[in-house]
Every structure is written in structure tokens, then in C-alpha cells.
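Just the heavy atoms: all of them, side chains too, but no hydrogens, waters or symmetry mates, feed the values below.
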Amino acid sequence: MAILARPEPDRPRTQRRKWTIPPPPTPQWSRFEAAGILDDIRAPHGLGLWIVFRDILLWANTEPAQRAHLFASPVARELIGAVESVLPSGISTDLALRALTRDPAHEGESAQLGTFCKEVSEWAAGEGFVLVAREFAELVYHLAPADADSALFAGRACRQEGAFDRAEQWYKHGLGLARLHSDHSAYVLALIRRGVLAEQRGDSAEAYRLHVRAWKGAKRHKIRKLGAYAQHELLVMGVYTESFEVAQEHARLALRLYGRFDERYPQLAHDTAFVWAWHNYFSAALPVFEAVLPYITRATERIQVIANIGRAAAAIGDADRFFLAWDEVNDHKESAAEYRATALLNLGYGARTLRRGSLGRELAGEALHLASLRGEKVVAEHALALLQTMGMAGEVSGDRDKPPTAEMLEMSERLIGRLRRNQP
């Protein structure tokens, strides 16, 4: 009996799943374009920023061949001059002026205007003008709609504003653009930023899943810096969800991956110390917090470090330093919305430790209110728990400092030494 010849076997082909890029959010202009800028800055330079925004938006939405005659040079100079005096000297207003009025055959205008809009957005975020920051961040996307980074930048501004649903839309759109263009760095960064957002919203399982995906993607494509960022975020996640030893391992790996003094090194040092403080090693954490503080200049972030210093100081019995931290946080009341709930929560813990029940309840109550408004579920849960403990009958003990381990002291010395050697 003859056996029939058979074709060589091939790998079974599965039908490729079709996918589309999620669209970006629609503009939030309930009254007129960029009205939020005027709401945020009720002063002449607010009007100037609004005019500049609308001019750049008009330029972005005009066919390149028709841009040359949109603005006469003296007019554009006058418009940008209206805001130039209030912006930091490093913001490239002159480049923006030239980009608006240059011959359309010249290349690079979109990039120059995008740089200007990014710088204005970052300045506004640092000053607490979250609506200005979001409007100019989204304008960056209008100038470069095919660029995943521009979508991720817009998403970050929305997250800082507390517009979490809008931020999620931007991140998903940026992730789709990154996949379309095989931009591995943008893809990993999008996963990290989506993870941070999920964490703020209280979805720890989703945040952990996204950060692990980011870590695997960074390893697969050998993107060391983003691998360090992913481990850094897993460290932050581990504060609440994992053991002290696992969180420490994330910290060690992130420190090793950062290598040279990275721009995020101060934040990593702070977050490593925060893990220690969360597990009651306050005397080890306090000097690291203080070494980090000179690097943190934005009010929105600075109050978080100051509040951690205040809580640690209360735990080791330094009431004067606690109340100094309390005063400093109150000084930034209007310009630090993003981390204010977290800062007030940590000061509430410190007040409880110092047996200032009335102050502690006031701080925890305000933290609960702000966190609920912004949808920060984790902070709201901890603030509510703190309120409940201080409402119990009898004396409730506060933070108790634990003596640090030898490994912790060695890591603290390394962190502080490196921070001081590179201090700005």
C-alpha cells in the first residue's frame, strides 16, 4: 500500500485582529475657544495668553500655503509682547513670533510653536494654572497630531488638572499612535502614565498590570531609562499593596537602572524614603526628605515633600518642625491643587501623633473633601480611615518611629550623598 505524499505542514494562521486608534477627546469649549485661560488668569496677561493661544490654533488649522499672510510681523510681535513680560525668560517667545510670521516654505515652524506651547503649559502647571496648562498642552497635539508624545503630554496635563476621564482618552490615543508607528519608547511611556492614572483612581490591580507590562516592554526593547521608571512606579505601588521587602527590591532595582544622576533621581530618593516612613522608619526617612527638598521647586510637588517632613518630624517628637511644615503647606494653598489632598493627609497623621485631635480632624476632613472632588480614591480612603480613628473614644496612638536597619542606613547615606553632590 502506497502512502500518499503530503504537503509540508505550515503554522496555522490565525486571523489578525483588526484594531483602530481610539480618537482623541473633543475640545472642551463650552462657551468659546480656550475660555479656561481667562477663568484661570483674570489679569491682562491672561487675555494676552488667550489671544496667543487662538492665534496659534488658527495657524495650526490653516493650510500651510495660506499661513504666510495670517499675521503681519508687527501685529504678531505686539500680541506675543503682551505676555512676554510675565513668562520666564527661558520660554522661547521670539521663536514663536518668527514661526507665526515666517514664509510657509520654511520648515520647522510647528516644532518651534510646539516647544513654546509646552513651555507655557509647564510654567502654568508650576504656577497652579491648571486650565492654562491643559489648554496649551492640548494645543501641542494640534500642532503635531501624528506624534504619540504630544497626545501623552496632553494626557498628563489633564491628569494634573483632575480630569481623569479625559486623561485616559488622551493616553489611549497616544498608545494607539505609538503602536501604529512602532514607537517603542512612547508605547512604554503610555503604559506607565496610564498606570499612574489608574493608581490615582484607586484601581490598584489595573495600575499594577500596566506597570508590569511597561517593565516587560522596556526590557524587551532594551529601554533602560523607561525600565527604571517602570520599577519606580512599581515601588510606589508597593507602598500600599506589597510587603516592605518587595518594595525595597523595586527601589534597589530602580536605583541600579537609573545609573547616572537622572532628572527623576530626587523623586526616586523621596519615594524610597516614603516607603520607609510608611513602615514607620521615620528617623531614616527624614534626612532623605530634607536632602530632596532643594530639587523640588514646583509648588504642586513641593508641598508633598514638606508634608512628609512634617509627619516624620512629628513621629520623632519635633513639634516645631511639624508646625513649620504646616505653615509652609498653607502658604501654597492656592497653587498646589494636584498634591494638596495627599499633603493634608500626611499632616493629619502628624497632628494625630502630636495629640492635636482637632487639627488632625480638620486636616483629614479637608483631605477627604479634596480627594473626593478629584476622584483620588486611595487618598480619600486613607483620609476617611484617619478621621474614623480620631473619632474613636479614648486615646489613639499615632506614628511610632522604628530604628532603621543597617542596610537602610547604608542606602540613606548613598542617597543623601548623591543628592548633595548634584545639588542645584
Side-chain angles (χ1 to χ4, degrees), residues 17 19-25 137 141 147-243 246-254 257-258 262 264 267-268 271-272 274-275 278 338-339 342 371 374-382:
R17 184 171 62 90
W19 59 275
T20 58
I21 299 176
Y141 173 79
D147 184 7
D149 285 330
S150 66
L152 299 182
F153 185 77
R156 187 182 68 172
C158 292
R159 181 186 63 78
Q160 291 171 339
E161 182 194 350
F164 292 159
D165 288 342
R166 191 172 183 84
E168 180 73 9
Q169 285 181 276
W170 277 119
Y171 287 155
K172 286 182 176 179
H173 182 65
L175 193 67
L177 289 174
R179 288 180 64 186
L180 178 66
H181 300 295
S182 298
D183 187 339
H184 303 308
S185 293
Y187 182 80
V188 172
L189 183 59
L191 292 172
I192 292 172
R193 291 196 176 172
R194 283 188 66 195
V196 171
L197 178 62
E199 181 192 344
Q200 276 192 276
R201 301 179 89 165
D203 192 345
S204 299
E206 175 68 1
Y208 183 80
R209 184 185 70 83
L210 288 164
H211 290 317
V212 169
R213 278 181 63 192
W215 166 240
K216 290 179 178 177
K219 276 204 306 182
R220 183 167 61 251
H221 298 292
K222 298 180 173 59
I223 311 171
R224 177 172 178 152
K225 188 171 184 175
L226 291 179
Y229 290 177
Q231 281 296 322
H232 187 167
E233 297 303 336
L234 286 167
L235 157 68
V236 175
M237 286 289 304
V239 172
Y240 306 111
T241 61
E242 296 179 327
S243 68
V246 172
Q248 280 282 88
E249 182 55 33
H250 288 311
R252 282 190 290 266
L253 185 52
L257 287 168
Y258 272 111
D262 185 270
R264 280 181 39 141
Q267 284 80 4
L268 177 59
D271 294 341
T272 301
F274 185 80
V275 171
W278 189 257
E338 186 181 2
Y339 295 112
T342 308
R374 289 177 54 85
E376 296 176 357
K377 186 178 177 182
V378 175
V379 179
E381 287 174 352
H382 284 288

Can you check whether [X] reaches [Y] side chain to side chain, under 4.5 Å on heavy atoms?
X	Y	value
W215	L253	yes
H181	Y187	no
V275	L235	yes

Which heavy atom in [X] sits nearest to a heavy atom in [Y], and how many Å separate them?
X	Y	result
G174	L152	CA-CD2, 4.1 Å
I192	H211	O-CE1, 3.3 Å
A218	V188	N-CG2, 3.8 Å
L175	A190	CD1-CB, 3.5 Å
A380	A371	N-CB, 3.7 Å
L226	S185	CD1-O, 3.3 Å

Could you check, using the six-membered ring where one of them is a Trp, whether H173 and Y141 have ring centers closer than 6.0 angstrom?
yes
When rounded to the nearest 0.5 angstrom, what is the spacing between [atom1] in [X] and [atom2] in [Y]?
X	Y	atom1	atom2	answer
K222	H184	NZ	NE2	11.0 Å
R252	Q231	CZ	CD	11.5 Å
L234	E249	CG	CD	11.5 Å
L177	I21	CG	CD1	4.5 Å
Q267	H232	CD	NE2	7.0 Å
E168	R159	CD	CZ	12.0 Å

Hey, is the main chain of [Y] close enough, under 3.5 Å, to the side chain of [X] for a donor-acceptor pair?
X	Y	result
R156	Y171	no
R224	L257	yes
R193	G155	no

Under 4.0 Å between a Lys/Arg side-chain N and an Asp/Glu carboxylate O for D165 and R201?
yes
Go through the steps to decide whether E376 and F164 satisfy the test side chain to side chain contact (heavy atoms under 4.5 Å, CB included), and finish with yes or no.
CA-CA 10 Å; E376 296 176 357; F164 292 159; 4.2 Å; yes
Who are the side-chain hydrogen bond (donor to acceptor under 3.5 Å, both in side chains) partners of Q169, not counting sequence neighbours?
none
Which is it for E199 and V378 under the side chain to side chain contact (heavy atoms under 4.5 Å, CB included) test, yes or no, and what are the steps along the way?
CA-CA 8 Å; E199 181 192 344; V378 175; 5.7 Å; no
Would you call the rings of Y258 and Y229 parallel, tilted or perpendicular if under 30° counts as parallel and over 60° as perpendicular?
tilted
